Amino acid sequence: VEASIPEPQRAAWSRNQIQSFTDKDGFEKEVVRHVETTLARSMFNCDESAAYSATSLAFRDRLIKDWNKTQQRQTYRDTKRVYYLSLEFLMGRALDNAMLNVGLKDAAKGGLADLGFRIEDIIGQEHDAALGNGGLGRLAACFLDSLASLNYPAWGYGLRYRYGIFKQEIIDGYQVEVPDYWLDFNPWEFPRHDVTVDIQFFGHVSKTTKDDGKTAAIWEGGEIVQAVAYDVPIPGYDTPTTNNLRLWSSKASGGEFDFQKFNNGDYESSVAEQQRAETISAVLYPNDNLERGKELRLKQQYFWVAASLYDIVRRFKKSKRGWNEFADQVAIQLNDTHPTLAIVELQRILLDIEGLEWDVAWDIVTKTFGYTNHTVLPEALEKWPVGLVQYLLPRHLQIIYDINLYFLQTVEKAFPKDRDMLTRVSIIEESQPKMVRMAHLAIVGSHKVNGVAELHSDLIKTTIFKDFVEVYGPDKFTNVTNGITPRRWLHQANPRLSELIASKCGGNGFLKDLTQLNRLEAHAKDAAFRREWAEIKYANKVRLAKHIKNVTGVTVNPAALFDVQVKRIHEYKRQQLNIFGVIHRYLTLKGMSVEERKKQLPRVSVFGGKAAPGYWMAKQIIHLINAVGSVINKDEEIGDLLKVIFLEDYNVSKAEMICPASDLSEHISTAGTEASGTSNMKFVLNGGLIIGTCDGANIEITREIGESNIFLFGNLAEDVEDLRHAHNYGSHSIDSDLEKVFGTIESGTFGTPHDFSAMIAAVRHHGDYYLVSDDFHSYMETHRLVDESYRNQDEWVSKCITSVARMGFFSSDRCINEYADGIWNVEPLVVQE
Ligand code: OAK
């Protein structure tokens, strides 16, 4: 609705709107109506799937109203908006979240019970929206939740992949990838066939002389692909603000297929063209912290960025403001370098289409963008061959060269005669072939660059972006430590704990101001409270144990210590260290007398996570975990003392079940490699303790919760370089306990030793880049401390309560407020109901 429609008219419309349900009976009526009309089924054959659909539609109807009003309010008030550009949004399920955020879950629970359903079963029907790989994508989803909950006028922009991250099956201990077709029935998206953008690729650039005698570039020819908008409502918690996530889907321009070709009998090629266009948004690249440089990936990036910018500029132009106000109205955040072409695209729009002068345009561009870096791993830093960019986006390459030229001129002035400096900071890498360095382009085109935890933000300033700190000074670089949404990761995932916390924190206020958790601290020594707390943890473990039994057939004892490592499988995250540690534990148990064994603490080691399909070593790690599990889990001498479980297809909804059930979780990356980590926060918030290295956000978690509440081990980031150097150029002796582990693997205990020889060789013969051997002893010692500590349950539970009480800092609300203040300069839009 346009802002120009007179207020009385609008008020009349809203009075006449159908009222949404507000209680159980109203909800039931809506469900029946949707089953019988929308789904065209009778209530007599309404199964769980139909009940899920109808429940979702009932809540969706409610959301739509808030959503429309939010969009109207934001248009009418026309304040500055934030645009979060992310190639990944790992949303998980929407229904439970919508019910909680709207505040009518109890009504739905009662209504579904009346209709003969259990609400958990209905929630469980939903397919995860898994349009992301891991940390970066899930962070984007938490940010959307916080932006809406805090009433910021904000949009997410992404791609509507037909296939999200693959489903993982474990067959004979190996990962097998199965396509994730998730769009069968998705009530949470709204196709906007009227919101389309034509996106150009290839072609050539010519010059023309304008009326004023100046020359302008014209990008012509090539091919056009159409972007179609699909909108997903993002409800805030306990607020009517419902923001929009806009995902673009690709389609051949000019309709279904080319009728000309069809009529000429060339049916195949007309369909082929359509399919080629649709390929752009077909599949999410399944790599985490790794860039493969595929042409289709670059096409995806430009397609999404160009459609989003067109949309943003179109919205800005409606306000009839001058370009000098653009950066006061628009903040665009780049989630890593994937959307960096947006910088070039905005410069192109301002220069070639709007006719602004270069300097005027560039000033607007740099004031508009902020860039968040999410990794220091060299293999994840994006670079594109100049030739590929030239071929796909000829005009953009020219602009990149100009950006680089002007940038290098300023560097040259500040650092005269320092050729090396110019070579190092250049956006173009003078390699064979030449490459465009996207991180450099992102830094040059943004007014702020941030890392995602203190250590990480310090590291980017002293390593990969060191030269840029010299060029721009330190103020351009800042830190915003990651956070998580307590709505999903506590209230939704762990309702009983959330309720218990609310009973001591004066209600649900902590869900919007997580620092209120500190009111719990006084209760850590209260024995009755600790009992209730422990009872909830136990119940959560029973639930996970049932799931484990269902999917693996293995019985685990819920009284055992649940030791969990779930995240993408990557050598730097060191699942190999964990499984070597498990083998060591097994050997130790095997070496004990029956009497001694009886004194040991039972453990369940739970692993989960996907390996990128092309990451061979990560797949070997999965195989080893499964091979070890199948031997240990059958060993009757060991019984409950040790079980090793690999849970297949780890995803957001499984995380919601796993986090509440862990006693100990592992965040054991080589120091200096994990930018932040966010599951560390989820596990602590759910009353589990951490074993971890001094890496990423573990460091700040330690500072907040206290050193006595976390099990830290291993070498520090500052020592990593020297250790690696020593491995390669000095002597490298392997920890003797680790050698025993290797010996056991090599003896064939876990199947054909050859399968695992590369993993062992990586430590023994190839420089042990991830410092597995260096940290092994300290890791095992620390696990012994964990056992000791867990024996004293009173103390353990008070540690857990104290930790939760001190986790207030790690809310994504705090994080979003820091971005809003320090980078975007935007204010919440207060809702007057
Ligand atoms: C993925 C692709 C390219 C670059 C980085 C990533 C990524 O997922 N990085 C992760 O981002 C998270 C959110 O900031 C961090 O918590 C993780 O430590 C980091 O690995």
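Both counts, for ligands and for their atoms, begin at 1 and track the order of listing. On a predicted model such as this, the values are computed, not experimentally measured, just so you know.
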Undergrad: Under 4.0 Å from any heavy atom of Val452, which atoms of ligand 1 are there?
TA: 14 (O)

Undergrad: Could you check whether any side-chain N or O of Asp180 sits under 3.5 Å from a backbone N or O of Tyr163, counting only pairs where one atom can act as donor and the other as acceptor?
TA: no

Undergrad: Between the candidates Arg568, His456, Glu291, His374, which shows the shortest non-hydrogen contact distance to atom 19 (C) of ligand 1?
TA: His374

Undergrad: Glu674 heavy atoms, cut-off 4.0 Å: which ligand 1 atoms fall inside?
TA: 17 (C), 18 (O), 19 (C), 20 (O)

Undergrad: Which option wins on minimum heavy-atom distance to atom 20 (O) of ligand 1: Val376, Asn289, Asn373?
TA: Asn289

Undergrad: Among Ile427, Thr337, Asp336, which residue meets the side chain to side chain contact (heavy atoms under 4.5 Å, CB included) test with Met438?
TA: Thr337

Undergrad: Relative to the ring of Phe713, is the ring of Tyr779 parallel (under 30°), tilted (30 to 60°) or perpendicular (over 60°)?
TA: tilted

Undergrad: Is the distance between the ring centroids of Phe711 and His783 under 6.0 Å?
TA: no

Undergrad: Which of the numbered atoms in ligand 1 are below 4.0 angstrom from a heavy atom of Tyr572?
TA: 20 (O)

Undergrad: Looking only at protein heavy atoms, which one is nearest to atom 4 (C) of ligand 1, and what is the separation?
TA: Thr375 CG2, 3.6 Å

Undergrad: To the nearest 0.1 Å, how far is atom 3 (C) of ligand 1 from its closest protein heavy atom, and which atom is that?
TA: His338 NE2, 3.7 Å

Undergrad: Taking both backbone and side-chain atoms of Leu136, is any N or O found less than 3.5 Å from an N or O belonging to ligand 1?
TA: yes

Undergrad: If the threshold is 4.0 Å, N to carboxylate O, is there a salt bridge linking Asp649 and Lys610?
TA: yes

Undergrad: Check the orientation of Trp248 and Tyr157. Use parallel for under 30°, tilted for 30 to 60°, and perpendicular for over 60°.
TA: parallel

Undergrad: Need the ligand 1 atom indices (1-based, order shown) with element for anything under 4.0 Å from a heavy-atom of Asp288.
TA: 8 (O)

Undergrad: What is the ring orientation for Phe477 with Phe465, classed by angle as parallel under 30°, tilted 30 to 60°, or perpendicular over 60°?
TA: tilted

Undergrad: Distance under 4.0 Å to a non-hydrogen atom of Gly677: what atoms of ligand 1 satisfy this?
TA: 15 (C), 16 (O), 17 (C), 18 (O)

Undergrad: Which of the numbered atoms in ligand 1 are below 4.0 angstrom from a heavy atom of Ala675?
TA: 18 (O)

Undergrad: Are Arg574 and Asp775 close enough for a salt bridge, meaning some N to O gap below 4.0 Å?
TA: yes

Undergrad: Just heavy atoms, cut-off under 4.0 Å: does Asn482 contact ligand 1 by side chain, backbone, both, or neither?
TA: side chain

Undergrad: May I ask you to decide whether Asp467 forms a salt bridge with Lys461, counting only side-chain N to carboxylate O separations under 4.0 Å?
TA: no

Undergrad: Please check whether Lys573 reaches ligand 1 - meaning an N/O of the residue sits under 3.5 Å from an N/O of the ligand, judged on distance alone.
TA: no

